[in-house]
S.K.: 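Following this message is one structure expressed as structure tokens.
Convention: sequence-line order gives letters A, B, ...; per-chain numbering from 1.
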Amino acid sequence: MIAFIIRRLLATIPVMLVVAIFVFLMLRLTPSDPAAIIAGDNATAEQVADIRNKLGLNEPIVTQFFIWGSKILRGDLGESFFFKKTVAELISDRIEPTLSLSLFTILLAVMVAVPLGVLAAKRHGSIVDRMVMGFSVMGFSVPVFVIGYSLIYVFASELRWFPTTGYRRIHDGAGPWAYYLVLPTLTLSVVYIALIARMTRTSMLEVLSEDYVRTARAKGQIERKVLFRHALRNAAVPIVTVIGLGIALLIGGVVVTESVYSIPGLGRLTVEAVLARDFPVIQAVILMFSFVYVLINLLVDLVYSLLDPRIRY
Amino acid sequence: MAAPVLEVTNLTVAIAGGGDRANAIENVSLTVMPGEIVCVVGESGSGKSVTSQAVMALLPKGQLRISGGSIKLEGDELTTKSQPAMRAVRGKRAAMVFQEPMTALNPVERCGDQIAEVLEIHTDLDAKARRARVLDVMRSVHLPDPEQMAEAYPHQLSGGQRQRVMIAMALVLDPALLIADEPTTALDVTTQAQILKLIREMQVRRNTGVLFITHDFGVVSEIADRVVVMQRGRIVEQGTKAEILAAPREAYTQMLIAAVPSLVPPVRVPITSQVTLETIKLNKTYGGRSFFKPSGRVVKAATDVSFQIRRGETLGIVGESGSGKSTVARCIARLVDPTSGRIDLDDVDIARMSERKLRPYRRRVQIVFQDPYRSLNPRRSVGQSIIEGPMNFGLPHGEAIERARNLMGLVGLSPDALDRFPHQFSGGQRQRIAIARALAMEPVLLIGDEPVSALDVSVQAQVLQLLDSVRKKFDLAVLFITHDLRVAAQICDRIAVMQRGVVVETGPTANVFANPQHDYTRALFSAAPGQGFGHRIGAGKIDLVPAV
Amino acid sequence: MTSMWGSIRGGALAAGTVAAMAAGVTSAQAQKTLRVVMHSDLKIVDPIWTTAYIVRNHGYMVYDTLFAQDANGEIKPQMADTYTVSDDKLTHTITLRDGLLWHDGAPVTAEDCAASIKRWAARDSVGQKLMSFVETISASDAKTIVIKLKSPTGLVLIGLGKPSSNVPFMMPKRVAETDPNTQISDFTGSGPFVFNKDLWKPGDKTVYIKFDKYKPRSEPASGLAGGKVVKVDRVEWRAISDQQQIANALLSGEIDFVEQPKHDLIPLYKKDPNIVVKDYNPLGNQYVFRMNWTQKPFDNPKVRQAIFYAFNQKDFLEGVIGNPEFYKECKAMFICGTSLATEKGMEDKFTSNFAKARELLKEGGYDGTPIVLMQSTDLDVLTNLAPVGKSLLEKAGFKVDMQSMDWQTLVGRRVKKDAPSAGGWNAAFTSWVAADVTNPISAAFVNASCEKAAWGWPCDEALEKLRDEFARATEPAKQKEIAEAVQVRVSEVGTHVYLGQWYQPQVHRNTVTNFITAPAPVFWNVELK
Amino acid sequence: MSVEPNIAASSSPLTAVPAARRQQSSMARAFRNPSVLIGGLVIVIMVALGAAAPWLGTINPTEPHTSGRNKLPGSEVTVRDDDGKPVKIAYRLGSDNLGRDVYSRVLYGARISIFVGITVAIISVIAGMIIGLFSGYIRWLDPIVMRIMDGLMAIPAILLAIALVSLFRAGIGAVILAITIPEIPRVVRLVRSVVLSVREEPYVEAAITTGTPMLKLLWRHVLPNTIAPMIVQGTFICASAILVEAILSFLGIGIPPETPTWGNVMAAGKDVFYLFPHNIFYPGVMLALTVLAVNMLGDGLRDTLDPKLAKRV
């Protein structure tokens with residue numbers, strides 16, 4: 001197992017290398033010039049050139065890449081072009097809200113979606129199934145921000161049950177922290193409930209036609225246990241896959257949700273960094289998200305082996 | 001006379017929404033007495049499995065439903081029982097063993113727990129008592145080291161062991177009726193023999209009534225007390241084993257029995273023509289490390305395989321699953337690249353040739369695959385499939401069509417059928433088309449990779465005869481891969497027996513069958529069910545019938 | 001867990017929960033915190049290095065100035081105790097007040113201030129002009145700053161009392177000696193608030209703590225001048241970018257004050273009796289259309305002049321601001337309501353006289369090549385200018401290629417002198433705080449010094465000569481006369497086209513009182529109930 | 001495992017129906033599926049609305065009317081045309097903050113949104129298909145291509161899109177490119193998995209032994225198997241592209257705001273949502289309906305064309 005983890009971690013190297021090269025080239029080959037932006041409104045051409053020099057943007061691209069790469073390898077993410085802070089500081093400031101929101105969302109989504117999916121599969125073709133599937137397609141189809149605004153309109157603005165915007169850090173108290181996350185979590189989880197419920201249903205339907213489910217019935221097992229003891233565990237691998245995928249996809253929704261609710265998380269940091277052409281921040285954030293994606297994949301693989309004894313590493 | 005365990009009367013199962021026919025089975029009546037094994041035998045689509053599922057009330061919901069008749073288990077009517085009431089019957093009074101032990105066992109649960117589950121459902125035993133009963137029943141089905149086996153997951157067991165677990169699970173509560181649905185079909189012949197013996201033993205010891213579903217007359221002759229023959233959802237004929245096998249009354253039964261090849265090979269003249277194919281120390285290993293896949297385990301699929309095939313000769317490679325026989329065939333067809341060794345085709349070594357250089361030689365080796373449903377591109381007409389090869393080698397379209405028409409006639413199909421698509425043909429017809437496609441290339445070597453294994457026994461005989469006749473007509477060298485000793489006995493001039501990638505014995509078919517040298521060969525032959533049963537192919541009872 | 005849910009449910013029942021909860025948090029700390037949403041997030045913290053208004057506002061929190069403009073537009077001493085000018089008008093002497101301290105406890109010295117003036121002058125346009133008159137700036141003792149001039153100028157006070165970007169903020173010498181082209185990394189000031197670097201979370205909030213040892217002047221606060229008495233413990237700038245969300249937060253009491261509410265939302269605010277809508281910056285702002293002199297077709301004065309005829313101010317003001325309460329058409333370049341305001345040279349312009357514009361285009365030889373008009377899409381008060389402009393330009397016979405981009409891209413692109421097809425540009429809109437453009441020196445767009453001029457690079461010797469004269473003029477009447485000449489010259493050569501004044505009201509909850517009317521939002525004197 | 005013999009012996013009468021028969025009539029059956037019918041119908045209506053926009057009583061959707069800003073639905077204003085003559089404008093669905101007619105913008109918006117969706121779907125499917133076919137078939141190419149695809153997949157799609165759009169000049173081309181690039185690796189993986197399974201099919205091996213050259217082989221025997229999953233995948237990509245386009249516009253980094261797209265109409269209206277909800281409501285409904293329809297179409301097609309696809313998200 002340990003050997004597997006080490007091997008998998010090693011296997012992330014080429015993936016991360018591709019990510020690094022791609023992101024680096026993408027930033028360097030675009031027409032935008034951070035130096036001009038940094039130099040400000042009334043800067044002269046010499047000032048811009050000077051800043052370019054200081055940022056190392058005049059070096060050949062390959063040199064720039066290696067300088068950056070070797071710093072990354074030493075754990076140095078560099079310093080933001082704009083904020084007078086290191087990238088590591090910026091990220092660590094922003095990580096808590098994003099993590100909280102993502103965690104809440106995944107928890108809620110799994111807790112709601114898996115039972116829904118099982119129910120739909122059990123009542124395949126019934127009105128319940130149709131409703132779950134209908135909700136699921138709707139969940140995919142309504143943009144996150146429309147859901148967000150609707151929720152704010154109803155629950156924050158009209159009913160005044162929840163705050164409209166903002167975020168409270170957990171060390172200011174778990175109560176406010178959770179309270180402020182209710183609406184964003186609901187907003188973001190709709191699409192994941194849709195995704196996971198749908199996958200649960202599909203996977204369950206497939207498993208329910210398997211021979212061992214027939215065997216279980218042939219033993220005289222009651223239907224509930226057939227569903228949960230035999231079917232769900234076997235159906236779990238694709239469900240876990242989609243949850244893992246969901247976590248990876250979450251960041252897209254997080255960007256929008258954080259904008260709608262003014263949550264100072266990584267999603268907004270990225271958008272701001274992109275708008276400001278803050279190369280070190282963009283590179284670091286994208287690299288970090290990619291690494292998280294790879295790690296989640298690894299984690300998902302490990303969970304597979306817990307769920308399915310046939311999978312051994 | 002004791003009361004029957006199972007009494008099925010005029011059972012009819014309707015297919016929802018119709019289909020080819022309104023009912024999956026119609027007016028089926030049969031009985032199983034205590035301590036009796038009743039074999040239900042029939043080809044695919046005969047309704048034999050539906051009968052067994054109906055008894056257990058396990059018919060697929062919404063697709064099939066009982067529309068008439070009665071099923072009585074120990075005098076207790078089942079068709080009117082609710083599902084909860086049926087749950088009390090299933091597993092306790094009637095149990096079932098399925099065909100595929102890998103998929104019939106829950107892959108994520110330990111074997112012991114799966115057996116114990118039956119006890120959990122139907123008894124009040126505590127965990128300890130359950131455990132004792134589980135080990136007990138596991139011991140009784142001769143599972144080695146039951147303590148360890150109980151902790152194992154299904155995938156850690158061999159196919160035979162898994163089927164023993166299934167049987168243990170079925171028998172743990174001593175049901176009155178055991179339904180075995182093709183329980184040995186997925187197993188190798190040596191394992192099959194052991195399982196059949198086990199079922200016999202358990203059944204005798206516990207006086208269980210067994211309803212045994214099978215398509216294999218060898219198995220029937222081995223195990224049955226009475227035989228029920230089914231065709232297209234109806235019972236054709238039933239009687240004692242002796243009556244049915246020795247003196248079938250109905251033409252269909254007669255045909256079925258006649259189509260079973262004999263295990264006794266006919267006498268064949270040794271062939272001494274020139275050597276078409278010679279393999280020398282052919283090796284194929286799979287896996288191994290690479291940069292992207294650092295964990296590869298090395299599997300030796302074929303080791304030092306050497307043999308010759310002469311013009312007009314059929315060499316059979318027999319062996320159980322995993323013996324490497326298909327790997328050898330695929331190496332020779334260059335569908336996989338051999339790891340080392342020579343493949344001399346008319347004295348040219350094609351083993352390591354690049355794809356470009358190989359191209360002219362491709363046409364000389366053609367292959368017919370096992371699965372008739374997958375060996376033709378479903379989106380292309382039969383004609384397009386046949387002419388593709390010749391046209392690849394420059395034959396003009398018109399001539400290629402002409403050749404295809406001739407070949408269609410030769411394989412017993414109407415030349416006008418060239419425009420049709422594969423789905424419009426039956427399995428046997430598709431194998432004929434596949435043979436025509438191979439012949440269109442004018443090969444010198446024809447490889448048959450289990451070409452009749454997926455076919456019903458009646459069709460199988462026809463295809464075998466066709467293969468034999470084209471061998472003669474075109475003076476082909478034929479490499480015939482099979483796991484079926486009966487088929488091998490009838491069609492091969494010489495056979496090579498493979499075990500775990502190694503050829504353990506080669507020789508003229510008659511010699512090998514009569515006087516096997518290697519231990520494995522002997523074990524293999526003695527395991528074949530129904531030793532004395534069967535007929536010679538081409539013994540005159542069946543003719544090639546143009547089927548279109 | 002139980003208590004958490006309990007509190008949420010309980011809160012859900014009571015109206016105005018959020019305010020209650022927030023109040024709970026603050027009262028626990030027994031502090032008065034003013035929660036503010038500024039027009040943007042604070043990312044850069046060097047007010048000398050950038051002209052960004054948010055950084056200027058940050059500067060007013062953290063730093064102090066030698067002089068400051070009061071409510072009547074007059075320059076008053078702030079850190080300065082006394083200010084004397086020698087009879088030959090060449091030696092200016094400033095002494096510092098007693099008891100001024102840096103946030104780290106060290107006393108403010110004249111050396112600190114001299115270094116700060118030099119750094120500011122290296123970046124600021126007025127400062128640069130001023131430095132062309134200056135011989136030396138030095139500290140004669142710990143409290144006395146001496147500025148020696150080569151020739152007399154009125155720019156010393158105009159510069160040191162400059163109310164808006166760049167404001168000559170005073171910094172400790174060690175900070176002020178930072179290269180003007182590099183951002184500072186030490187944020188010690190002597191202003192009424194201390195910048196808490198640890199609590200600064202770009203994208204979330206910026207926190208200022210009251211500086212207990214600040215010595216305010218004794219006179220009452222007036223404009224940016226007077227006593228900077230801090231009456232709250234803490235000011236938090238919250239970063240919320242979405243105007244709808246800002247509105248929600250203010251209405252529900254999560255925040256107290258909004259610097260730049262969207263004009264379209266003012267009716268929403270006005271409906272709520274707890275909200276005060278008021279403009280604390282009476283001069284307002286001025287919209288500007290800037291042409292690129294270095295590229296066809298705006299290298300031709302006729303074509304530039306055509307714009308004055310094609311445009312009318314109302315369409316722009318109405319298109320962006322909408323509510324006439326918050327805009328004013330004004331043909332005076334140096335802002336209506338100031339001493340230099342005049343309509344001279346502009347009488348027949350801003351009338352959307354398309355026929356006249358077409359005629360001028362023809363004379364100017366415009367060949368129909370589309371002009372690249374840059375539109376910034378992420379600044380509310382600018383976004384709508386370009387579509388309106390495009391519509392008017394097309395009616396005047398221009399072909400327009402409107403290219404949309406975010407503000408940062410626009411800022412990056414507008415300094416490029418390349419051909420429009422190669423990543424350059426022809427025209428763009430922007431807005432100035434009126435206080436920045438009230439005279440020909442500080443109005444950066446009147447600078448016509450070719451290469452050295454601001455983006456657009458107008459090049460006109462006559463104009464430069466006028467500006468020079470203005471810098472030397474010390475009499476108001478003379479200054480007015482020169483300013484009129486400048487405006488007439490601009491109407492002829494077309495350095496830029498100004499599009500009227502608009503006002504940015506602030507909104508706050510009625511618990512906030514005594515907010516100061518000034519060209520920049522400042523948070524001393526504010527009381528929080 | 002020992003499954004060699006008796007493939008056909010898995011003996012329910014229903015499974016005996018040859019797989020190929022289903023394939024032949026699948027297109028015809030697809031059009032009888034209610035999801036396909038309803039989804040298709042809505043899409044046809046949307047396309048028709050977009051195409052017929054000029055004849056449906058619309059006015060120039062980009063022309064500002066500064067005196068008609070932020071009008072509620074049903075308002076009428078009088079503006080002056082180029083020659084100074086008064087003209088009446090009826091804002092059926094209200095106007096935005098530049099006095100542009102929301103009704104016209106929403107109808108014209110259908111054009112852009114659907115165009116973006118379909119274009120992204122076609123480009124990513126075709127590009128993914130070509131890469132996937134060769135990657136799946138040519139063994140030495142596969143690991144290289146897949147590492148690159150893994151790297152691309154690891155970058156969160158929406159961040160990649162945000163970065164690409166804002167770094168290049170904003171425009172419809174950049175948006176399409178930015179949405180397409182993250183979709184390609186997903187298509188490649190799908191195609192590749194189909195290729196890997198199809199290349200094991202005996203009829204493909206038969207074609208190899210009859211000497212069929214690679215390109216012909218891919219074209220004749222492999223490619224057709226990817227068509228059904230690609231049509232299904234294409235519809236899902238189309239739906240997600242329409243959503244992502246709206247999200248990008250919403251974040252203010254999409255197609256230039258002047259261009260009438262549903263996302264742009266919503267972005268223009270999001271700040272005044274409370275006072276003038278029509279800005280979000282009408283385009284939001286149109287967007288959700290369209291995406292819903294495309295998703296329903298995809299679901300229906302998948303159920304009829306490629307039931308196995310449900311497993312892969």
S.K.: Give the minimum heavy-atom separation between A:N234 and B:P107, together with the two atoms involved.
M.R.: OD1-CG, 3.1 Å
S.K.: Are more than 12 heavy atoms from other residues, nucleotides or ligands located less than 6.0 Å from atom CE of A:M138?
M.R.: no
S.K.: Evaluate A:E223 against B:Q83 for side chain to side chain contact (heavy atoms under 4.5 Å, CB included), listing each step before the verdict.
M.R.: CA-CA 10 Å; A:E223 204 56 18; B:Q83 275 295 330; over 6 Å; no
S.K.: Take a 6.0 Å sphere around CD of B:Q148 and say whether it holds more than 12 heavy atoms from other residues, nucleotides or ligands.
M.R.: no
S.K.: Assess the residue pair B:M56 and A:R214 against the criterion (side chain to side chain contact (heavy atoms under 4.5 Å, CB included)); give the C-alpha distance rounded to whole Å, side-chain angles, the decisive distance to 0.1 Å, and a yes or no.
M.R.: CA-CA 10 Å; B:M56 294 294 279; A:R214 189 180 55 181; over 6 Å; no
S.K.: Inspect the surroundings of CG in B:D124 and state if more than 12 heavy atoms from other residues, nucleotides or ligands are less than 6.0 Å away.
M.R.: no
S.K.: Side chain, backbone, both or neither: which part of B:A88 has a non-hydrogen atom closer than 4.5 Å to chain A?
M.R.: neither
S.K.: Heavy-atom pairs under 4.5 Å with chain A - which of B:G91, B:P175, B:A104, B:A95 has more of them than the others?
M.R.: B:A104
S.K.: Give the intermediate values and the outcome of side chain to side chain contact (heavy atoms under 4.5 Å, CB included) for residues A:T215 and B:N106.
M.R.: CA-CA 8 Å; A:T215 307; B:N106 186 341; over 6 Å; no
S.K.: With a 4.5 Å heavy-atom cut-off (strictly below), which parts of residues 127-136 of chain B touch chain A? List them by number.
M.R.: none
S.K.: Does NZ in B:K72 sit with more than 12 non-hydrogen atoms of other residues, nucleotides or ligands closer than 6.0 Å?
M.R.: no
S.K.: Before accepting this row, confirm whether a basic side-chain N of the pair B:E109/A:R229 lies closer than 4.0 Å to the acidic partner's carboxylate O.
M.R.: yes
S.K.: Measure from the side-chain N and O atoms of A:K219 to the backbone N and O of B:Q114, and report whether any donor-acceptor pair falls under 3.5 Å.
M.R.: yes
S.K.: Check each atom of B:L58 against the heavy atoms of chain A and say whether the ones under 4.5 Å are side chain, backbone, both or neither.
M.R.: side chain
S.K.: Could you tell me whether A:F291 atom CZ has more than 12 heavy atoms of other residues or ligands within 6.0 Å of it?
M.R.: no
S.K.: Is it the side chain or the backbone of A:L307 that comes within 4.5 Å of chain B heavy atoms, both, or neither?
M.R.: backbone
S.K.: Would you mind checking which part of B:M86 comes under 4.5 Å of any heavy atom in chain A, side chain (CB onward), backbone (N, CA, C, O), both or neither?
M.R.: neither
